Colleague: 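Submitted below is the structure of interest, expressed as structure tokens.
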Amino acid sequence: MSKFEKWKLIINECKSSTLTQTAFCQQEGIKLSTLHYWIRIVKKSAEPASLISKENTSDRFIKIPTVSTPFPENNQKADISIVSAQQTTP
């Protein structure tokens, strides 16, 4: 079993426990900061799979902030640029 898999199991045990994270760590002899580190690592590893789900791609929208400016007059061009294509999760 890899270290990653081991920590996934520990995190699941902690979540299903009725103990607080602090009490769970004391009981298991784990540093609270180490548990928090692995929670972040496991959570980050799960994000790409959920973001790229083929089942959910049709209902995803990207909110683009708008700036109020007058429309271009006859046959003038309007330039649109995307500053960042990075997606963040709420």
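The structure presented is a predicted model; accordingly, all values stated were derived computationally and were not measured.
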Colleague: My understanding is that only residues two or more places apart in sequence, or in another chain, count here; which of them pass side-chain contact (heavy atoms from CB on, under 4.5 Å) with T34?
Modeller: W7, I30, K31, W38
Colleague: Do you know which two heavy atoms are closest between L19 and S17, and how far apart they sit?
Modeller: N-OG, 2.9 Å
Colleague: side-chain contact (heavy atoms from CB on, under 4.5 Å) with T18: which residues, sequence neighbours excluded?
Modeller: none
Colleague: Distance-only check: which donor-acceptor pairs under 3.5 Å involve side-chain atoms of residues 9-16, not counting sequence neighbours?
Modeller:
from : atom 1 : to  : atom 2 : distance (Å)
N12  : ND2    : K8  : O      : 3.2
S16  : OG     : N12 : O      : 3.1
S16  : OG     : E13 : O      : 3.1

Colleague: Please list, chain by chain and in numerical order, all residues satisfying side-chain hydrogen bond (donor to acceptor under 3.5 Å, both in side chains) with E28, sequence neighbours excluded.
Modeller: none
Colleague: Taking only residues two or more places apart in sequence or in another chain, which ones pass side-chain contact (heavy atoms from CB on, under 4.5 Å) with T22?
Modeller: T20, Q26, L32
